[in-house]
Student: 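The structure under discussion is supplied below as structure tokens; questions concerning it will follow.
In listed order, ligands and their atoms are each counted from 1.
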Amino acid sequence: MIFLYFILFCTFLDSYRKYGSCAGNDYSKHPCKRKCVSGLPPMVCNYDFEIENYNTLSKACYDCPFNVTDCFLEDCVAGEGSRRGIITVNRKLPGPAIEVCQHDTIVVDVHNKMLSESTIMHWHGIHQKKSPYMDGAPFLTQCPFLPRGSFRYTFPADNVGTHFYHSHIGMQRVDGMFGAIIVRATEENNPHSDLYDFDLSEHVMVVTDWTPEMGLQKFLGHMHDSGTNKAPSIIVNGLGRYVEFKDDDGKPVYVPTARFHVEQGYRYRFRVINAGFLNCPIEMSIDGHNISIISGDGHDIKATPVTSFDIFAGERFDFILHANQSVDLYWMKFKGSLDCGATTTRAFQTAVLQYHSDQFTDFDYPAGEVDFDNAGPKGGIELDTVNVGTETKNKNIIVLPELESVDDWDESLKEKPDYQFYISYDFYKVSHSDYYRIPYYGFDNITNPKEKILTPQFNHISMEVPSKALLSQRDEIDESTFCNNDTMADKNCKEDFCYCPHVIKVPVGAVVELVFIDEGLAYNANHPIHLHGYAFRVVAMERLGNSTTIDEVRARDEKGLIKRNLKNAPLKDTVSVPDGGYVIGRLKADNPGYWFLHCHLEVHAEIGMAMVFQVGEKDDMLPVPEGFPKCGDYEPKKQ
Ligand SMILES: *[C@@H]1O[C@H](CO)[C@@H](O)[C@H](O)[C@H]1NC(C)=O
Ligand SMILES: *[C@@H]1O[C@H](CO)[C@@H](O)[C@H](O)[C@H]1NC(C)=O
Ligand SMILES: *[C@@H]1O[C@H](CO)[C@@H](O)[C@H](O)[C@H]1NC(C)=O
Ligand SMILES: *[C@@H]1O[C@H](CO)[C@@H](O)[C@H](O)[C@H]1NC(C)=O
Ligand SMILES: *[C@@H]1O[C@H](CO)[C@@H](O)[C@H](O)[C@H]1NC(C)=O
Ligand SMILES: *[C@@H]1O[C@H](CO)[C@@H](O)[C@H](O)[C@H]1NC(C)=O
Ligand SMILES: [Cu+2]
């Protein structure tokens, strides 16, 4: 493999130099961005992240989009053309990528320069085995920190792969507080190094659904009023064509799309991250090219050729693109489904794959217009299709458990797990106490269907997050206040709203099976389930019908009707369960701590579609460093 990504970024592709992305606080020249060579000592990699309330198309953008060059000026965030408030890291969207070699130490000083919101940063995909208190899970591992405050995150980059960082509180991720973390292995430790020539920074791609208003406004309008929860658009690396401007001649003008350069004849590794927040799975494909998927959520899999893949919020896929077609410009396509799909907002986006040539400039676009209907591939093989499991007879669909991990068999795949948990979910007709108030406007009182929103829950319980952080203030936490499906068994949680600190607990070293069931009664929803601190083997995934129940899944399992891939199932940390179906995950609980397990749709996580996966007793968990901040309530003692 030729490691030129660093040099290439700033010199080879002249166009990038022009646009100034090699200067300043984007860390594109960070010394840790280097060829990963075995035998060389690991590095300590420092970053300063300034979190700010900011705006798209700010004055830094001058005459963007009318002058395209201006859209790439320092601190210009063009988005898809909407003018809206955003939250940025170093005034970039996405925030600067962290690119390191395995075993480096990542040190990020996060400075909260927002006006009034507290914040917290999660390092999605990093397992934090030696530093569980650096996980950035609000009130689980630490307290969010205040405006004017800062927090130094320090953790080893132990697990390789394509990961990302994002705020884990409120709607901050939605508003732009995210960026890539790439942990590369040495050539010897990279099972796919022979399959590609380049692994370039500029081929990292963060996609997300995007709205013309701030996330909090969208959220409040939906939760308290009749506003929708549907995103009209998608952006790719902070750019997209959506809002139409008109130039002096009345001709339509758009913000430029993202652009990815390749040289004919070479094979490139692309890394795709979905930072999305609403129910908007995105199908990606590239005109004229098939690709080969080599990694999911940072875990290598046997190279699998596909034409397209669906990617859910929180997921990552790496693929190889062989630039062996004629020298040209090609559309890269991103097509929404479900709440941003054919029957809803019809969201789509494009980017450009540009073969290097004197024939065209960075202002040229491929021939042909892309609209929603042709924003997908024409046939071919698809991976991770929305709401499809191994029941499918369609030979052109590859389902996650069919991917083959390149990791060796491990104990998590033993025949019988030590613990098994059924975690079922759906949208329920309960009066979530944050959004309804009995007897004034309880769920049953509301008649306008747009205001009668259902509550997504795990096992009919909404997660009530404590005001103290479980891990860092463990001595002040009384575990007897925790709840689960058994402690709530005498409550009528199917009808009355149940709100408590939902915790499932296993001893260190146990092999655990998690059976996620999407009952699918309400509508064709989808919940990408994300687990902190671990990756799990996706051993089964099946859609049983338009809806299902825990009992049905249990009964099928007892009859031996559920087949598990216990040979080489792929490792993932985020997976979406087919609506009306189940996914079975396996892991060995070797990372003690309190780990967040939640839906990665921001709105769902925030309203309690979450729980805590506790591994071990308090004493099994690593102590937090001295002086680690605390939080909690103040109530004066009675005299
Ligand atoms: C666009 O703006 C740049 C300055 O950012 C300027 O140098 C260039 O001449 C402008 N291009 C056009 C076509 O006006
Ligand atoms: C292009 O590359 C792909 C993947 O390596 C390969 O399957 C295909 O045959 C190649 N096509 C041509 C025209 O060389
Ligand atoms: C991509 O693969 C499909 C089969 O899955 C094939 O029909 C198609 O021709 C391939 N496209 C290219 C450009 O190789
Ligand atoms: C609670 O969940 C556990 C694990 O999934 C299960 O074994 C148990 O039967 C459930 N209890 C109730 C009351 O549903
Ligand atoms: C809401 O429904 C409850 C139960 O049916 C009823 O007692 C109450 O009066 C209703 N409230 C309003 C404002 O209609
Ligand atoms: C599932 O829902 C679809 C669309 O609403 C409907 O056409 C189909 O008949 C349903 N299937 C079953 C088995 O109920
Ligand atoms: Cu969800």
Side-chain angles (χ1 to χ4, degrees), residues 229 276-281 285-293 304-309 312-314 319 321-326 328 330 338-339 353 377-383 394-398 417-428 453-463 483-494 498 502-506 510 512-520 522-530 549-551 553-554 557-558 574-577 579 582 584-585 597-611 613:
N229 57 348
F277 74 107
L278 293 167
N279 183 18
C280 178
S285 60
I286 306 171
D287 275 0
H289 296 76
N290 285 321
I291 55 178
S292 190
I293 307 277
T304 306
V306 303
T307 305
S308 64
F309 59 91
F312 296 84
F319 64 82
L321 173 122
H322 191 173
N324 63 2
Q325 300 298 312
S326 48
D328 207 340
Y330 297 89
L338 300 178
D339 282 359
L353 179 72
K378 296 187 200 79
I381 309 276
E382 181 171 82
L383 171 69
N394 186 340
K395 295 253 178 329
N396 290 329
I397 292 180
I398 299 173
D418 304 319
Y419 287 79
Q420 191 189 37
F421 293 95
Y422 280 79
I423 299 163
S424 71
Y425 52 83
D426 204 349
F427 290 92
Y428 301 111
I453 52 152
L454 307 175
T455 298
Q457 292 179 309
F458 283 151
N459 289 343
H460 298 276
I461 298 169
S462 291
M463 175 73 196
C483 69
N484 59 39
N485 65 327
D486 284 325
T487 69
M488 299 301 278
D490 58 343
K491 306 257 184 343
N492 183 15
C493 293
K494 291 190 179 169
C498 289
H502 192 179
V503 181
I504 55 176
K505 182 174 172 182
V506 298
V512 181
E513 181 165 280
L514 300 169
V515 183
F516 299 106
I517 298 159
D518 186 340
E519 297 180 333
Y523 22 71
N524 248 347
N526 246 275
H527 306 274
I529 305 298
H530 173 55
T549 60
I550 281 205
D551 293 339
V553 176
R554 262 187 219 274
D557 204 15
E558 276 157 21
T574 310
V575 65
S576 188
V577 179
D579 188 85
Y582 63 85
I584 302 180
L597 173 62
H598 64 92
C599 176
H600 214 269
L601 306 185
E602 195 81 316
V603 173
H604 293 176
E606 212 43 53
I607 66 176
M609 192 178 185
M611 64 203 296
F613 181 58

Student: Ignoring hydrogens and angles, tell me if any N or O in the side chain of Ser424 forms a donor-acceptor pair with the backbone of Ile550 under 3.5 Å.
Tutor: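 Between the backbone of Ile550 and the side chain of Ser424 there is no qualifying donor-acceptor contact (under 3.5 Å).
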Student: Relative to each other, are the rings of His600 and His530 parallel, tilted or perpendicular (30° and 60° limits)?
Tutor: perpendicular
Student: For Glu602, does its backbone N or O pair with a side-chain atom of His604 as donor and acceptor, under 3.5 Å?
Tutor: no
Student: Decide yes or no for Ile423 and Ile529: does some side-chain heavy atom of the first lie under 4.5 Å from some side-chain heavy atom of the second?
Tutor: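 The answer is no, as the side chains (C-beta and beyond) never meet within the 4.5 Å cut-off.
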Student: How long is the straight-line distance from SG of Cys599 back to CD of Gln457, given to the nearest 0.5 Å?
Tutor: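 Interatomic distance, Gln457 CD to Cys599 SG, rounded to 0.5 Å: 13.0 Å.
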Student: For atom 9 (O) of ligand 3, state whether the nearest protein heavy atom is under 4.0 Å away.
Tutor: no
Student: Does any N or O of ligand 3 fall below 3.5 Å from an N or O anywhere on Gln325, backbone included?
Tutor: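 Such a contact does not occur with ligand 3.
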Student: If you check every N/O/S atom of His604, which is the one nearest the Cu ion (ligand 7)?
Tutor: ND1
Student: Tell me, which protein residue and heavy-atom name are nearest atom 1 (C) of ligand 3, and how many Å apart are they?
Tutor: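 Going by distance alone, atom 1 (C) of ligand 3 is nearest to Asn290 ND2, 1.6 Å.
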Student: Would you say Cys498 and Cys493 have SG atoms less than 2.5 angstrom apart?
Tutor: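 Yes; the two sulfurs sit under 2.5 Å apart.
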Student: Which residue holds the protein heavy atom closest to atom 6 (C) of ligand 4, what is that atom called, and what is the gap in Å?
Tutor: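 Nearest neighbour among protein heavy atoms for atom 6 (C) of ligand 4, to 0.1 Å: Arg554 NH2, 3.8 Å.
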Student: Roughly, to 10 degrees, what angle do His527 atom ND1 and Cys599 atom SG form around the Cu ion (ligand 7)?
Tutor: 130°
Student: Which protein heavy atom lies closest to atom 4 (C) of ligand 4, and at what distance to 0.1 Å?
Tutor: Gln420 O, 3.7 Å
Student: Return the residue, atom name and 0.1 Å-rounded distance of the protein heavy atom closest to atom 2 (O) of ligand 4.
Tutor: Asn485 ND2, 2.3 Å
Student: Under 4.0 Å from atom 14 (O) of ligand 3, is there at least one protein heavy atom?
Tutor: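 For atom 14 (O) of ligand 3 the answer is yes, since some protein heavy atom falls inside 4.0 Å.
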Student: Using a 3.5 Å distance criterion without hydrogens, assess whether the side chain of Tyr428 forms a donor-acceptor pair with backbone atoms of Asp426.
Tutor: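 Pair found, side chain donor or acceptor close to backbone of Asp426.
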Student: If the cut-off is 4.0 Å to any non-hydrogen atom of Ile381, which atoms of ligand 3 fall inside it?
Tutor: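 Counting atoms of ligand 3 from 1, those under 4.0 Å from Ile381 are 5 (O).
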Student: If the cut-off is 4.0 Å to any non-hydrogen atom of Gly288, which atoms of ligand 3 fall inside it?
Tutor: 13 (C)
Student: Could you check atom 11 (N) of ligand 4 against the protein and tell me its nearest heavy-atom contact, residue, atom and distance included?
Tutor: Asp486 OD1, 2.6 Å
Student: For Gly380, counting its heavy atoms only, list the atoms of ligand 3 lying under 4.0 Å from any of them.
Tutor: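 What qualifies from ligand 3 is 5 (O).
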Student: Which heavy atom of the protein is the closest neighbour of atom 5 (O) of ligand 4, given with residue, atom name and distance?
Tutor: Tyr422 N, 2.9 Å
Student: Which class fits the ring pair Phe319 and Phe309: parallel under 30°, tilted 30 to 60°, perpendicular over 60°?
Tutor: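 Tilted.
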Student: Would you call the rings of His527 and Tyr425 parallel, tilted or perpendicular if under 30° counts as parallel and over 60° as perpendicular?
Tutor: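 The arrangement is perpendicular - the two ring planes meet at more than 60°.
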